[in-house]
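Take a look at the structure set out below.
Here the structure is a predicted model, which means the values were calculated and not measured. Just so it is clear: chains get the letters A, B, ... in the order the sequence lines come, proteins before strands, and each one is counted from 1.
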2 protein chains.
Amino acid sequence: MTTDTRDKIIELAQEAIATRGYSAFSFRGLAADLGIKSASIHYHFPTKTHLGVEVARAYRNQLQQAFDSIAVTYESDPQKAIESLIAVYRYEARTSQRMTVCTMLGAEIKNLPVEIQTEMASFYALNIDWLKQQFIKLGDEPEVAREKACQLFALLQGALMGAKGQQNPDYFDVVTKAAALFF
Amino acid sequence: MTTDTRDKIIELAQEAIATRGYSAFSFRGLAADLGIKSASIHYHFPTKTHLGVEVARAYRNQLQQAFDSIAVTYESDPQKAIESLIAVYRYEARTSQRMTVCTMLGAEIKNLPVEIQTEMASFYALNIDWLKQQFIKLGDEPEVAREKACQLFALLQGALMGAKGQQNPDYFDVVTKAAALFF
DNA sequence: GCTCACCTATCTAGTGATAGATAGGCTTGA
DNA sequence: TCAAGCCTATCTATCACTAGATAGGTGAGC
């Protein structure tokens, strides 16, 4: 067991990035939450960039798993699959008053180490490609499917962002009603 | 004339917030860009919070002016008015690789002084109320108009955010094609 | 079964850089 | 003359990061 301290650090860092942003979270803050010293975090992650990259990777894996799981469950019903993804994001908007790591890091991108900027690209690709596949299953031409995927993902990000910016989770529901327009 | 240094500070701060975020811009950085010392910025704005609030207010005024100007120009054509607003955001997405102050501060809201959080609320209200008015003019019932306004605004924010997160301005255009769905 | 060497995970104590903020002085123009 | 505008110099807090020490565990060789 390579300790679960490492995992806890990633988990807390992910939470911190999602709520306050990359430049606003600190090793000291994380350490305080964990009840250890910041030097101990440096033992697991030599630099903040290293930790940031690991958080991004972990989040990407979670996302990938969610996609796989949904795609299996609703293999023959792409519309339900999409609605199920929206429910996942809805859960994030409701339970924690935070944004996804993807959205947060996207906003901050100009202020991120290049290593993390690189990871960012795959977030968008993952979401958009998956949505595109669902629309293709629903009978759309690839190019149309891609456009719809971009549009729906933008709607989702805007919904998440607005729910947080206004501190009003209901906003997410109002906005995602518009998802119906894509079917 | 209460100097234009003050105005320049607000302008540069706005630019900095829109590109890198509130917590990532500094008095020293601004001062360096202006060719003065950080102490001189404190002369104009006693604290970072004061400056932040002024930036928010200034941005809100610009937004209000843009709304007024568009509403007058396209008074009898609300659809054109909305398309004109999209063009404004499009310009922001294209020319500078930055986000609007509203979107950026919205993402960071959990990390902002309360004074600025308060200003934030008016950004959303301003955008959504204005859009709502246009939809009402187009014949929608108030409640429907409000929902459409939220949805379209979320789409715009998502478009802006995605264009930046992927460093691809074309994304904005692909996404905002979906605005047609609202007419 | 013991010991020596190494590893893991943490600590204390500090580095230099930078943050926001302040006190007090110089300069210039009305 | 005096105040607006900017300065130098400094403070305190915090940042990421490092060095060196320590305590406990693991494993190999005798």
Side-chain angles (χ1 to χ4, degrees), chain A residues 1-56 104-105 108-117 119, chain B residues 1-56 58 101 104-105 108-117 119:
Chain A
M1 63 180 82
T2 315
T3 41
D4 55 352
T5 298
R6 197 190 134 94
D7 294 334
K8 278 185 196 159
I9 293 170
I10 292 179
E11 195 185 319
L12 274 180
Q14 183 174 320
E15 176 77 21
I17 289 175
T19 53
R20 297 192 308 281
Y22 180 81
S23 52
F25 96 90
S26 72
F27 272 40
R28 277 169 153 81
L30 280 189
D33 290 345
L34 279 162
I36 59 174
K37 299 293 168 179
S38 70
S40 306
I41 300 185
H42 279 285
Y43 168 78
H44 295 283
F45 305 94
T47 70
K48 189 176 181 179
T49 299
H50 282 87
L51 176 53
V53 168
E54 287 306 306
V55 168
M104 197 74 217
L105 290 181
E108 287 186 291
I109 196 159
K110 276 279 189 291
N111 208 50
L112 259 32
V114 282
E115 292 93 330
I116 302 179
Q117 287 186 28
E119 287 292 321
Chain B
M1 65 180 79
T2 314
T3 39
D4 56 351
T5 298
R6 197 189 135 92
D7 294 335
K8 277 185 195 159
I9 293 170
I10 292 180
E11 194 184 320
L12 273 180
Q14 182 173 322
E15 175 77 23
I17 289 175
T19 52
R20 298 192 308 282
Y22 180 81
S23 53
F25 95 89
S26 72
F27 272 39
R28 280 176 156 82
L30 280 189
D33 290 345
L34 279 161
I36 61 175
K37 300 293 168 176
S38 72
S40 307
I41 299 186
H42 280 285
Y43 169 76
H44 295 283
F45 305 94
T47 70
K48 189 177 180 179
T49 298
H50 282 87
L51 175 54
V53 169
E54 287 306 306
V55 168
V101 171
M104 198 72 218
L105 290 182
E108 287 186 290
I109 196 158
K110 275 278 188 291
N111 207 50
L112 259 31
V114 282
E115 294 92 327
I116 301 178
Q117 286 186 27
E119 288 291 321

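- What separates CZ of Phe45(B) from P of dC6(D) is a distance of 11 Å, to the nearest Å.
- A donor-acceptor pair under 3.5 Å is formed between the side chain of Lys48(B) and the backbone N or O of Phe25(B).
- The NE2-C1' distance, from His42(A) to dT15(C), rounds to 12 Å in whole Å.
- Take the nearest nucleotide of DNA chain D for Arg28(A) and for Pro46(A): the residue whose nucleotide is more 5' is Arg28(A).
- Taking side-chain N and O atoms only, Tyr43(A) has no distance below 4.0 Å to OP1 or OP2 of dT10(C).
- Contact annotation for Phe25(A): backbone-only contact, meaning every heavy-atom pair under 4.0 Å involves sugar-phosphate atoms and none involves a base.
- When the P atom of dA9(C) is taken as reference, atom CG of Asp4(A) falls 10 Å away, rounded to whole Å.
- Here Lys8(A) contributes atom NZ and Asp33(A) contributes atom CG; the two are 12.5 Å apart, rounded to the nearest 0.5 Å.
- In this structure, CD in Gln14(A) is found 10.5 Å from CG in Leu51(A), a value given to the nearest 0.5 Å.
- Dashed line: the shortest gap from a side-chain N or O of Thr5(B) to OP1 or OP2 of dC6(D) is under 4.0 Å.
- Looking at every heavy atom in both residues, Phe27(B) comes nearest to Phe45(B) through CE2-O, 3.9 Å.
- The side chain of Thr47(B) contributes no N or O atom lying less than 4.0 Å from OP1 or OP2 of dG20(C).
- Within residues 8-16 of chain B, no residue has any heavy atom closer than 4.0 Å to DNA chain C.
- Atom-to-atom distance recorded for Thr5(B):OG1 and Ile9(B):CD1 is 6.5 Å, nearest 0.5 angstrom.
- Contacts of Phe27(A) with the nucleic acid, taken as non-hydrogen atoms under 4.0 Å apart, involve only primed sugar atoms and P, OP1 or OP2.
- Rounded to the nearest 0.5 Å, atoms CZ (Arg6(B)) and CD (Glu54(B)) are 5.0 Å apart.
- Using a 4.5 Å heavy-atom threshold, the side chains of Tyr22(A) and Val55(A) count as separate.
- Between Ile41(B) atom CD1 and dT22(C) atom P there is a gap of 15 Å when expressed in whole angstrom units.
- His44(B) has a side-chain polar atom (N or O) that falls below the 4.0 Å cut-off from OP1 or OP2 of dC6(D).
- Atom CG of Leu12(A) sits about 5.0 Å away from atom CG of Leu34(A), to the nearest 0.5 Å.
- To the nearest 0.5 Å, atoms CZ (Arg20(B)) and OG (Ser23(A)) are separated by 10.0 Å.
- For the contact set between residues 32-40 of chain A and DNA chain D, defined by any heavy atom under 4.0 Å, the members are Ser38(A), Ala39(A).
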